[in-house]
**Student:** 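Sharing a structure here in C-alpha cells format.
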Amino acid sequence: MAAPKSGLDLEAEIGRARKLLDEIIDEATQDLFVEETTAEALGEACEFDMGNALEGAVRKRAESLDSVFMNTLSSYIMVVEREGPRQILEILLQIREFAVEAVRENMPSELKWVDTLVRVAKPVERRKLLTFALEKADGAGIDLAAMAQAAGQLIDDMETRPEVGDRKLLVRLCSVRELARDLCTSEVKPVQFPEAQVPRHEASFIKELMSVGGANLKETRQALLSRAFGSDWSGAGGISEQNIRPSRGMVKRGSWEKHEAPDERMKVTVRPGRFMDCLDVFIKQNAESSDGKRMERLKAIRGEALAVLERLSE
C-alpha cells in the first residue's frame, strides 16, 4: 500500500497537473488560431476545429497524463458543471475524452479490462461481461489477479489524496476489484497492513458495525456503510439516528477541518477500498478462531458492503 503523500507533495503534483492542463488549452487555442488565420489568408474553409487542436495537444503529452492529472481534471469539471461557462465545460470534457483514449492505448491488458468494466453502470452487466469473456477465452489472456491488483493501485491512489475527485469512479473501481477477486480461481491476497499501519478509522468503523444489534441490524449496517462510502465521513458517532439516515451529498465535518492540515482528511474519513482491505484482513485473522459467530458477522458485513458498493456504483 502506497505511503500517504504529504501536503507539500500533493500540492506540487496538483500544481504540475494544473500547469499541464493550462499548456494543453493554450497550445490548442494557438494552433486553432494559426489554422484559421492560414485558411482565411488562402481563402479556404478551415476544416481544423478546437477538437482537432485539443486532441493533438493531449496526445503530445500522453506520457504525462497520470492519475494526478486525471483527478485534477475531474475536479475542474465538477466545479465548472456547477457554476462555469458551457464553453469551458465542453473543452474540459473533450480533454478528458482524448486523455482517456491516449492513456488507454498504452494500457496493459489488465488495466484495459478495469477501464472497460468501470464504464459499465450496472453491476449485473459488469459481471455478465467479464464472465462471458472468461468463458469465451477459456481464461486465456485475462489475468483476474492482475486485474484486481491494478484496480487496487488505482483505488489506493485515489484514497491517499485529501479529496476524492470522482466518488462514482472510486466505488466502481472497488466493485470491479471485488468482482475480479470473486471470479479468480487462485487466491488473491488482501493487502497486508503492518500492525501499526492498519487504517484506524476503518478498523474502528468495522468494530462499530460488529456491535450493531436489533431486529433491523442488516438495514442499520447498510445505512451506515452507505453514509461512509457515499460521503466524507469518519464513521464518528456510530449508530445514531442522524448517521443511519441516508446521506445526501457531503456530510457536515467535525472540528478536525479547522485544526488539521488538508492532507489529514484522508486519515479521518472512511474510504471504501481501505475498508474492504481492512475487513479482509480481519476475516483472515479470524479464519482459525473458535468464535464462529464473530466470523459469521464479519462475512455478513462484507456481503452488505459489497451490496452497498454495487448500489452506489450505478
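Hydrogens, waters and symmetry mates are skipped; everything else that's a heavy atom, side chains included, is used.
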**Student:** Under the salt bridge (charged side-chain N to carboxylate O under 4.0 Å, His left out) rule, what pairs show up with a residue in residues 31-50, not counting sequence neighbours?
**Tutor:**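 Matches after skipping sequence neighbours: none remain.
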**Student:** For a 4.5 angstrom cut-off between non-hydrogen side-chain atoms, does Leu170 reach Pro272?
**Tutor:**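 SC-SC contact between Leu170 and Pro272 confirmed.
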**Student:** Tell me, please, which residues at least two apart from Asn216 pass side-chain hydrogen bond (donor to acceptor under 3.5 Å, both in side chains).
**Tutor:**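 Residues passing side-chain hydrogen bond (donor to acceptor under 3.5 Å, both in side chains) with Asn216: none at all.
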**Student:** Does any pair with a residue in residues 275-314 pass ring pair (Phe, Tyr, Trp, His ring centres under 6.0 Å), and if so which ones, sequence neighbours excluded?
**Tutor:**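 Ring pair (Phe, Tyr, Trp, His ring centres under 6.0 Å) check on residues 275-314 returns Phe205-Phe275, Phe229-Phe275.
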**Student:** Measuring only between side-chain heavy atoms, which start at C-beta, is Val176 closer than 4.5 Å to Leu130?
**Tutor:**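 When only atoms from C-beta onward are counted, Leu130 and Val176 do not touch, as no gap falls below 4.5 Å.
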**Student:** With sequence neighbours excluded, tell me which residues meet side-chain contact (heavy atoms from CB on, under 4.5 Å) with Lys128.
**Tutor:**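 Only Glu125 meet the side-chain contact (heavy atoms from CB on, under 4.5 Å) criterion with Lys128.
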**Student:** Answer yes or no: is there a side-chain heavy-atom contact under 4.5 Å between Val164 and Glu159?
**Tutor:**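 The answer is no; the side chains never approach within 4.5 Å.
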**Student:** So, using side-chain hydrogen bond (donor to acceptor under 3.5 Å, both in side chains) as the criterion, who are the partners of Lys60 when residues are at least two apart?
**Tutor:**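 By the side-chain hydrogen bond (donor to acceptor under 3.5 Å, both in side chains) rule, Lys60 matches Glu27.
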**Student:** Do any N or O atoms from the side chain of Arg61 and from the backbone of Ile24 form a donor-acceptor pair under 3.5 angstrom?
**Tutor:**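 The answer is no, because no donor-acceptor pair under 3.5 Å joins these two groups.
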**Student:** Considering residues at least two apart in sequence or located in another chain, which fulfil the side-chain contact (heavy atoms from CB on, under 4.5 Å) criterion with Ser64?
**Tutor:**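 Result, side-chain contact (heavy atoms from CB on, under 4.5 Å) vs Ser64: Leu20.
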**Student:** Side chains of residues 300-310: which donor-acceptor pairs under 3.5 Å do they make with residues two or more places apart or in other chains?
**Tutor:**
residue	atom	partner	partner atom	Å
Arg302	NE	Asp280	OD1	2.7
Arg302	NH2	Glu178	OE1	2.5
Glu304	OE1	Arg221	NE	2.7
Glu304	OE1	Arg221	NH2	3.4
Glu304	OE2	Arg221	NH2	2.7

**Student:** Are Asp166 and Arg172 within salt-bridge range, i.e. N to O under 4.0 Å?
**Tutor:**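 Result for this pair is no, no salt bridge flagged.
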**Student:** Can you run down the salt bridge (charged side-chain N to carboxylate O under 4.0 Å, His left out) pairs that involve residues 62-75, sequence neighbours left out, and say none if there aren't any?
**Tutor:**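 Qualifying pairs, neighbours excluded: Arg16-Asp66.
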**Student:** Checking Arg126 now: which residues fulfil side-chain hydrogen bond (donor to acceptor under 3.5 Å, both in side chains) with it, not counting sequence neighbours?
**Tutor:**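 Partners of Arg126 under the side-chain hydrogen bond (donor to acceptor under 3.5 Å, both in side chains) test: Ser175, Ser313.
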**Student:** Just so I know, are the side chains of Met276 and Ile155 near enough to count as touching, which here means a heavy-atom distance under 4.5 Å?
**Tutor:**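 They are not in contact (no side-chain heavy atoms under 4.5 Å apart), so the answer is no.
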**Student:** Who pairs with Thr29 by side-chain contact (heavy atoms from CB on, under 4.5 Å), at least two apart in sequence or on another chain?
**Tutor:**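 For Thr29, the residues satisfying side-chain contact (heavy atoms from CB on, under 4.5 Å) (neighbours in sequence not counted) are Ile25, Met50.
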**Student:** Applying salt bridge (charged side-chain N to carboxylate O under 4.0 Å, His left out), which residue pairs with at least one partner in residues 109-122 are found, sequence neighbours left out?
**Tutor:**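 Applying salt bridge (charged side-chain N to carboxylate O under 4.0 Å, His left out) to every pair that reaches into residues 109-122, excluding sequence neighbours, yields Arg104-Asp115, Asp115-Arg119, Lys122-Glu314.
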**Student:** Just so I know, are the side chains of Asp157 and Asn71 near enough to count as touching, which here means a heavy-atom distance under 4.5 Å?
**Tutor:**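 The answer is yes; the side chains approach within 4.5 Å.
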**Student:** Heavy atoms, side chains only, cut-off 4.5 Å: are His201 and Thr269 in contact?
**Tutor:**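 They are not in side-chain contact.
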**Student:** When the side chains of residues 77-102 are checked against the rest of the protein, which donor-acceptor pairs come out under 3.5 Å, sequence neighbours left out?
**Tutor:**
none

**Student:** Judged by atom type as modelled, is there a donor-acceptor pair below 3.5 Å linking the side chain of Arg297 to the main-chain atoms of Met210?
**Tutor:**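 Present.
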